[in-house]
Asker: 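Here's a structure for you.
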2 protein chains.
Amino acid sequence: MSTPRKRPRQQRSKETVAAILEAAAQLFGRHGYTATTTNRVAERAGVSIGSLYQYFPNKDALLTALAEEHLAEAVQVLDQALDACARERPDLPGLVSGLVGAVAELHTGRPRLHRLLFDQAPRVPELVARLRAIERRAAAGLAAELRRLGRGGDDPELAALLAVQGVEAQIHGAVVDPPPGRSAAACLAAVAALWTRALDVPAR
Amino acid sequence: MSTPRKRPRQQRSKETVAAILEAAAQLFGRHGYTATTTNRVAERAGVSIGSLYQYFPNKDALLTALAEEHLAEAVQVLDQALDACARERPDLPGLVSGLVGAVAELHTGRPRLHRLLFDQAPRVPELVARLRAIERRAAAGLAAELRRLGRGGDDPELAALLAVQGVEAQIHGAVVDPPPGRSAAACLAAVAALWTRALDVPAR
DNA sequence: ACCGAAAACTGAGGATAGCTCGCATTATGG
DNA sequence: CCATAATGCGAGCTATCCTCAGTTTTCGGT
């Protein structure tokens with residue numbers, strides 16, 4: 001369904017695929033998903049419509065591919081943050097700050113692409129599932145850290161999942177629609193402080 | 001764009017519109033937005049394709065209309081919960097439980113529809129703005145209650161907004177993709193306990 | 001350098017889904 | 001009971017997604 005129908009093997013075709021994705025990102029962002037036609041994407045990318053369909057089985061696959069790129073980056077950033085925790089073994093405030101910082105980086109790194117994907121991508125059920133999987137993965141990592149610190153209450157796994165989901169939503173809200181009169185840094189600090197309190201309960 | 005092209009005035013046409021929306025909700029939910037055709041929606045609703053386009057200018061309008069319905073219900077439920085607080089003046093755990101319960105009610109009422117809308121609704125700026133406005137409204141009500149209780153830290157308004165955003169995301173996650181091995185009630189209790197701790201800090 | 005094979009590219013056009021429009025049917029209210 | 005408005009209809013127009021048969025470019029071996 002969303003798997004590339006053919007893998008680009010030569011340099012030429014890799015550039016073609018990159019040009020198609022770049023054109024798709026621009027047009028989806030400017031006109032929205034429905035109003036963008038695959039023929040226009042091909043035109044803007046400077047390739048024929050046939051070439052587009054050599055690498056993408058259908059229109060949804062364009063969006064899926066853009067999202068996969070972004071999600072892969074998310075996995076990388078989160079894994080990096082978790083590795084840092086494994087090395088530095090921070091206390092609870094440090095752990096929470098690390099999580100908040102990593103999530104914030106995902107939103108501020110490429111805000112335009114992130115917003116496009118958040119606005120348009122969820123139309124594909126497959127991507128929702130993928131997002132949830134990443135959530136669970138991050139939650140598992142956080143839960144391990146909570147257990148190390150002896151925090152997280154009766155069910156550290158559940159607490160970690162709730163924290164990941166909550167932080168994600170709060171940071172997104174702060175970036176998309178920042179509360180008036182507060183700096184971005186102040187919002188991040190508030191989120192971190194709040195979760196430090198929420199998670200600071202001894203494990204059973 | 002998303003406004004109905006014609007308002008149903010007679011009882012007959014109101015039933016037609018209701019049947020179309022019901023059919024759209026079912027088919028979108030079962031097969032997804034892209035895979036659902038407007039002709040099939042009309043067919044399942046038992047009306048002609050022409051009638052559908054008398055009341056909905058385009059396919060997106062079907063989804064938008066479903067979202068408007070759901071948002072209106074959200075406003076009603078949240079206002080009701082806030083009224084209850086104004087009357088009963090609960091303590092912090094009671095306040096948080098009330099909020100969590102109200103949000104949960106929004107999700108459990110028609111879980112399939114809610115999931116459909118959250119996942120697939122076109123994030124038209126208009127709808128996003130409506131959603132944020134509802135969020136702010138709920139946050140304002142919660143902030144007033146926090147001030148009454150002398151809780152919420154330095155910035156009760158910000159804390160309330162973060163709480164609303166967080167609870168929304170967590171309840172949604174629990175309904176859409178429930179953590180295995182935990183009952184729904186256990187998840188709600190965990191969310192409430194967590195936010196009670198997070199908000200239980202004296203106002204400055 | 002040359003050649004055969006594989007990869008990449010092309011774009012007219014088939015299939016299909018969104019949407020229109022002229023007309024038929026049903027309701028309203030004077 | 002009739003004039004008028006509201007509602008319903010569905011064949012078909014239009015636009016979009018996507019295919020496919022054929023051409024061009026690149027690659028690896030000799």
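Keep in mind that this is a model prediction, so the values were computed, not measured. Quick note: numbers below take in every heavy atom, side chains included, and nothing from hydrogens, waters or symmetry partners. Here is the naming used below: chain letters follow the sequence lines, and residue numbers restart at 1 for every chain.
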Asker: Return the value, rounded to whole Å, for the distance between atom CG of Leu52(A) and atom C1' of dT19(D).
Answerer: 13 Å

Asker: Can you name the side chain to side chain contact (heavy atoms under 4.5 Å, CB included) partners of Ala74(A), sequence neighbours left out?
Answerer: Leu106(A)

Asker: Identify all side-chain donor-acceptor contacts of residues 78-103 of chain A below 3.5 Å with residues at least two apart in sequence or on another chain.
Answerer:
residue	atom	partner	partner atom	Å
Asp79(A)	OD1	Arg137(A)	NE	3.4
Asp79(A)	OD2	Arg137(A)	NH2	2.7
Asp91(A)	OD1	Gly94(A)	N	3.0
Ser97(A)	OG	Pro93(A)	O	3.0

Asker: Tell me: OH of Tyr55(B) to P of dA6(D), nearest whole Å?
Answerer: 10 Å

Asker: Glu157(B): what forms a side chain to side chain donor-acceptor pair (under 3.5 Å) with it, not counting sequence neighbours?
Answerer: Arg147(B)

Asker: Tell me if the CZ atom of Arg130(B) is crowded by more than 12 foreign heavy atoms within 6.0 Å.
Answerer: yes

Asker: Establish, with yes or no, whether the OP1 or OP2 oxygen of dT7(D) is under 4.0 angstrom from a side-chain nitrogen or oxygen of Ser51(B).
Answerer: no

Asker: With nearest nucleotides of DNA chain C determined for Ile49(A) and Lys59(B) from heavy-atom distances, which residue corresponds to the more 5′ nucleotide?
Answerer: Ile49(A)

Asker: Between Lys14(B) (NZ) and dG8(D) (P), how many Å, whole number?
Answerer: 13 Å

Asker: Could you tell me which residues satisfy side chain to side chain donor-acceptor pair (under 3.5 Å) with Asp200(B), sequence neighbours excluded, listed by chain and number?
Answerer: Arg151(B)

Asker: With sequence neighbours left out, write down each residue that passes side chain to side chain contact (heavy atoms under 4.5 Å, CB included) with Glu43(A), or none if nothing qualifies.
Answerer: Arg40(A)

Asker: Between dA8(C) atom C1' and Ile20(A) atom CD1, what is the distance in whole Å?
Answerer: 11 Å

Asker: Can you tell me the distance, in whole Å, between the CG atom of Leu62(B) and the P atom of dA17(C)?
Answerer: 16 Å

Asker: Determine, for nucleotides 21-30 of chain C in 5'-to-3' order, which nucleotides have protein heavy atoms under 4.0 Å from the base (write B), from only the sugar-phosphate (write S), or from neither (write -).
Answerer: -----BSS--

Asker: Quick one: list whatever passes side chain to side chain donor-acceptor pair (under 3.5 Å) with His114(B), sequence neighbours left out.
Answerer: His70(B), His107(B), His172(B)

Asker: Whole Å only: how far is the CZ atom of Arg9(B) from the C1' atom of dA5(D)?
Answerer: 10 Å

Asker: With sequence neighbours left out, write down each residue that passes side chain to side chain contact (heavy atoms under 4.5 Å, CB included) with Glu22(B), or none if nothing qualifies.
Answerer: Gln26(B), Arg110(B)

Asker: When you measure from every atom of DNA chain C, which of residues 36-48 of chain B have a heavy atom less than 4.0 Å away?
Answerer: Thr36(B), Thr37(B), Thr38(B), Asn39(B)

Asker: Decide if atom CZ of Arg132(A) counts as having more than 12 heavy atoms of other residues, nucleotides or ligands within a radius under 6.0 Å.
Answerer: yes

Asker: Nearest whole Å is fine: how far is dG8(D) C1' from Phe56(B) CZ?
Answerer: 15 Å

Asker: Tell me whether the side-chain N/O atoms of Ser13(A) come closer than 4.0 Å to OP1 or OP2 in dA8(C).
Answerer: yes

